[in-house]
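Here's the structure we're looking at; comments come further down.
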Amino acid sequence: VQLQASGGGLVQAGGSLRLSCAASGRTVSSYAMGWFRQAPGKDREFVAVISGSGGSTYYSYSVKGRFTISRDNAKNTVYLQMNSLKPDDTAVYYCTATENRGILLSLRLRVSATSYDYWGQGTQVTVSS
């Protein structure tokens, strides 16, 4: 599975961006797919994850209520709508996927980068104050 993230850019605080992650090489409709982010000098941080059907979503505390993860299985694509952006949201955003749907049942597993099998190349999001 190859993942291609896009949609990053420079935006002012309070603005919005929508990230896309297109999967290829295999149909990922049964995969859990998510987003992590990494700011300079910091560890990679969980942002959100969505089940294969799209019926279950989970968010980090820092983005809940501002970000929305969704997917279009017909397009093999997952999205991250980011609203009310803050300078602290500045990071490289990575999309990820795993065939192991069981991770969604465990908070510890779904927020851990090691639970995921496939990673995209990252897209830069910069929020200016």
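All values derive from a computational prediction rather than experimental measurement. Along the sequence shown, residues are numbered consecutively beginning with 1.
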Are the side chains of [X] and [Y] in touch, meaning some heavy atoms are under 4.5 Å apart?
| X | Y | value |
| --- | --- | --- |
| Tyr94 | Arg37 | no |
| Arg26 | Glu99 | yes |
| Glu45 | Ser62 | yes |
| Val92 | Thr123 | no |

Go through Lys86 and Arg66 one step at a time and tell me if the side chain to side chain contact (heavy atoms under 4.5 Å, CB included) criterion holds. CA-CA 10 Å; Lys86 306 174 182 180; Arg66 300 187 297 121; 3.8 Å; yes

If you compare all heavy atoms of [X] against all heavy atoms of [Y], which two are closest, and at what distance to 0.1 Å?
| X | Y | value |
| --- | --- | --- |
| Ala32 | Val49 | CB-CG2, 4.3 Å |
| Ala39 | Ala91 | N-CB, 3.8 Å |
| Ala13 | Ser129 | CB-CA, 4.4 Å |
| Ser84 | Ser16 | N-OG, 4.4 Å |

Do Phe46 and Phe36 make the cut of ring centroids closer than 6.0 angstrom?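 When the ring centroids of Phe46 and Phe36 are compared, they turn out to be within the sub-6.0 Å range.
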
(Q) Who clusters with Met33? Use side-chain heavy atoms, under 4.5 angstrom, across I, L, V, M, F, W and Y, and order the result by chain and number. (A)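 Val1, Leu3, Val11, Leu17, Leu19, Val28, Tyr31, Trp35, Val47, Ile50, Tyr59, Val63, Phe67, Ile69, Val78, Leu80, Met82, Leu85, Tyr93, Tyr118, Val125, Val127, listed by chain and number.
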
Report the residues that fulfil side-chain contact (heavy atoms from CB on, under 4.5 Å) with [X], sequence neighbours left out, ordered by chain and then residue number.
| X | value |
| --- | --- |
| Ala22 | Thr77 |
| Thr126 | Leu10, Thr90, Gln124 |
| Ser70 | Tyr79 |
| Ser6 | Ser20 |

Item checked: Cation-aromatic face contact Arg110/Tyr58, 6.0 Å, 45 degrees ->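 Judged by the rule (NZ or CZ under 6.0 Å from the ring centre, within 45° of its axis), Arg110 counts as positioned above Tyr58.
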
(Q) Please determine whether side chain to side chain contact (heavy atoms under 4.5 Å, CB included) holds for the pair Asn100 and Tyr116, giving the CA-CA distance in whole Å, both sets of side-chain angles, and the decisive distance to 0.1 Å. (A) CA-CA 8 Å; Asn100 181 9; Tyr116 296 83; over 6 Å; no

Q.
Taking side chain to side chain donor-acceptor pair (under 3.5 Å) as the definition, give me every residue that meets it alongside Gln81, ordered by chain and number, with sequence neighbours left out.
A.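 Partners of Gln81 under the side chain to side chain donor-acceptor pair (under 3.5 Å) test: Asn83.
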
Item checked: Pairwise distance OG(Ser56) to CZ(Arg101) - rounded to 0.5 angstrom ->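 Answer rounded to 0.5 Å: 12.0 Å.
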
Do Thr114 and Ser112 meet the criterion of a side-chain donor-acceptor pair at a distance under 3.5 Å?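 Yes, side-chain donor-acceptor contact under 3.5 Å.
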
